[in-house]
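What you see is a predicted model; the values in this text were computed from it and never measured. Just so we're on the same page: letters track the sequence lines, and every chain starts at 1.
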There are 2 protein chains.
Amino acid sequence: MILKKKGLKVTPQRLEIMRYLDKNRIHPSIDHIYTQLKMKNPSLSKTTVYNVIDDLSENGVIQVLTINKSEILCDFNNDPHHHFMCKECGSISDLEDRYNFDIIEQIRSEGFRVDEAFGYFRGLCISCNNKNEKKVD
Amino acid sequence: MILKKKGLKVTPQRLEIMRYLDKNRIHPSIDHIYTQLKMKNPSLSKTTVYNVIDDLSENGVIQVLTINKSEILCDFNNDPHHHFMCKECGSISDLEDRYNFDIIEQIRSEGFRVDEAFGYFRGLCISCNNKNEKKVD
DNA sequence: TTATATTTTGTAAATATTACAAGTAAGGTA
DNA sequence: TACCTTACTTGTAATATTTACAAAATATAA
Ligand SMILES: [Mn+2]
Ligand SMILES: [Mn+2]
Ligand SMILES: [Zn+2]
Ligand SMILES: [Zn+2]
């Protein structure tokens with residue numbers, strides 16, 4: 001059990017939130033998670049969602065994205081990978097692993113201690129870009 | 001004049017903010033800019049700082065960073081370059097150009113339209129990392 | 001100089017996040 | 001199992017950032 005390993009107590013709220021993030025790899029916001037889980041767990045508090053996300057990210061279980069200035073986004077996948085935000089539909093896509101993080105080693109060699117790395121890109125996703133090009137035709 | 005070229009009127013407030021960003025390449029927050037300029041320009045409104053930063057970034061004059069979840073940071077240098085945030089002293093360092101953005105072409109070739117690219121790294125800056133290692137000794 | 005559209009300003013509203021204290025529950029111990 | 005201690009959850013209030021808005025001021029072109 002990943003929570004026990006980190007010294008965190010196993011609570012229904014933490015399990016629900018982790019399960020939700022695991023099954024919904026859409027990089028949801030705190031409010032999104034809260035609204036979705038509140039339906040089946042009416043006693044859930046938004047503060048709890050904040051607390052759980054903080055605990056999980058501080059313990060390296062999940063990662064928190066700041067690609068968006070308006071709110072943080074949550075990602076169950078804590079492997080280093082880049083993200084693309086579509087300015088049209090707002091979707092956040094994962095970018096393939098092959099866009100690697102060699103750069104981190106270069107930065108380390110300069111004397112930095114690198115704990116976290118984020119690659120954020122913005123523009124139009126494949127789907128919106130296709131629609132956009134058709135309009136131009 | 002860069003403002004005229006973009007069809008933006010040349011106002012003292014815009015000039016002051018641009019001059020400040022040009023001379024202070026520390027990636028200041030809105031509040032930082034406001035506090036600094038308010039001293040010599042007591043009539044300056046924080047709304048104006050927000051408006052000017054929006055106008056300048058929408059017109060590609062400056063860039064806005066979301067490396068930090070608590071507030072946006074402003075960068076007069078709008079060339080693509082990566083940033084490093086120190087968790088100890090809070091400084092934001094520019095990373096060298098040689099950490100290139102080849103990856104953008106790869107993403108484009110997949111069908112995305114890439115307008116903006118950001119590489120954000122967090123950890124300890126060179127200075128704080130040195131101090132940290134001495135403590136361990 | 002005058003006209004017009006743009007910009008600035010102050011205030012208020014909206015949102016996201018954090019602080020806090022009281023109640024609740026998890027997990028260890030006997 | 002029953003109890004204890006500590007960690008967690010919850011609701012509310014406070015804080016902080018950002019946006020909305022309308023009136024006043026100003027830049028620029030004619
Ligand atoms: Mn992801
Ligand atoms: Mn920079
Ligand atoms: Zn899209
Ligand atoms: Zn530092």
Side-chain angles (χ1 to χ4, degrees), chain A residues 1-20 27-59 61-74 85 90 92, chain B residues 1-20 27-59 61-74 85 90 92:
Chain A
M1 188 71 92
I2 187 149
L3 289 174
K4 278 181 187 166
K5 218 185 300 176
K6 301 287 184 178
L8 297 171
K9 285 188 175 173
V10 179
T11 68
Q13 293 86 350
R14 286 175 173 167
L15 289 176
E16 276 294 315
I17 291 171
M18 288 176 70
R19 213 166 1 237
Y20 181 80
H27 310 95
S29 66
I30 296 281
D31 192 67
H32 188 108
I33 297 168
Y34 171 70
T35 305
Q36 292 300 112
L37 296 184
K38 182 80 173 175
M39 297 190 295
K40 292 195 174 178
N41 311 68
S43 71
L44 181 66
S45 165
K46 189 178 275 192
T47 299
T48 297
V49 182
Y50 275 104
N51 289 338
V52 170
I53 294 301
D54 282 353
D55 295 338
L56 294 179
S57 67
E58 278 168 18
N59 284 280
V61 180
I62 67 171
Q63 64 177 311
V64 162
L65 310 179
T66 62
I67 192 171
N68 195 326
K69 79 174 156 184
S70 64
E71 62 195 350
I72 61 171
L73 302 180
C74 306
M85 170 180 236
I92 311 280
Chain B
M1 188 71 91
I2 187 149
L3 288 174
K4 278 182 185 164
K5 218 186 300 176
K6 300 288 185 178
L8 298 171
K9 287 188 174 172
V10 179
T11 68
Q13 293 85 350
R14 284 175 174 165
L15 289 177
E16 276 293 317
I17 291 172
M18 287 175 72
R19 211 163 5 233
Y20 181 79
H27 310 96
S29 66
I30 296 282
D31 191 67
H32 188 108
I33 297 168
Y34 171 71
T35 304
Q36 292 300 113
L37 296 183
K38 182 80 173 176
M39 298 191 294
K40 291 196 174 178
N41 311 68
S43 71
L44 180 67
S45 165
K46 189 177 276 191
T47 300
T48 298
V49 181
Y50 274 104
N51 289 338
V52 170
I53 294 302
D54 282 353
D55 295 339
L56 294 179
S57 68
E58 278 168 17
N59 284 279
V61 180
I62 67 171
Q63 63 178 310
V64 161
L65 310 179
T66 64
I67 192 171
N68 196 325
K69 78 174 156 184
S70 64
E71 61 196 350
I72 62 171
L73 302 179
C74 306
M85 170 180 236
I92 312 279

Please report how far the helix from dT1(C)-dA30(D) to dA30(C)-dT1(D) bends, comparing the axis fitted to its first five pairs with the axis fitted to its last five, to the nearest 10 degrees.
30°
Just jot down the salt bridge (charged side-chain N to carboxylate O under 4.0 Å, His left out) partners of K46(A), sequence neighbours excluded, or say none.
D31(A)
Interatomic spacing from OG1 in T66(A) to CG in L65(B) - rounded to 0.5 Å
10.0 Å
Can you pull the contact range of chain B along DNA chain C, 5' to 3', using atoms under 4.0 angstrom from its heavy atoms?
dA5(C) to dT18(C)
If the cut-off is 4.0 Å, is S43(A) near the phosphate of dT10(D), judged by side-chain N/O to OP1 or OP2?
yes
Residue pairs passing the salt bridge (Lys or Arg N to Asp or Glu O under 4.0 Å) test where at least one lies in residues 33-43 of chain A, sequence neighbours excluded
none
How long is the straight-line distance from CD1 of I2(B) back to CE of M18(B), given to the nearest 0.5 Å?
5.5 Å
Rounded distance in Å - OH (Y34(B)) to C1' (dA16(D))
15 Å
Whole-Å distance, L37(A) CG to dT10(D) C1', equals 16 Å
Residue list, side chain to side chain contact (heavy atoms under 4.5 Å, CB included) with K4(A), at least two apart or on another chain
M1(A), V10(A)
Partners of S70(B) by side chain to side chain donor-acceptor pair (under 3.5 Å), sequence neighbours excluded?
N68(B)
Once you round it to whole Å, what is the distance between P of dA16(D) and NE2 of H32(B)?
18 Å
Protein heavy-atom contacts under 4.0 Å, written 5' to 3' over nucleotides 17-30 of chain D as B (base), S (sugar-phosphate only) or - (none), form the string SBBB------BS--
Set of residues satisfying side chain to side chain donor-acceptor pair (under 3.5 Å) with respect to Y20(B), sequence neighbours excluded
H32(B)
Please report the shortest heavy-atom distance between L44(A) and Q13(A), naming the atom on each side.
CD1-CG, 4.1 Å
For residues 62-74 of chain B, pull every pair meeting salt bridge (Lys or Arg N to Asp or Glu O under 4.0 Å), keeping only residues two or more places apart or in separate chains.
none
With a 3.5 Å cut-off and sequence neighbours excluded, list the donor-acceptor pairs that the side chains of residues 47-55 of chain A form with protein atoms.
{"from": "N51(A)", "atom 1": "ND2", "to": "T47(A)", "atom 2": "O", "distance (Å)": "3.3"}
{"from": "D55(A)", "atom 1": "OD2", "to": "R14(A)", "atom 2": "NH2", "distance (Å)": "2.9"}

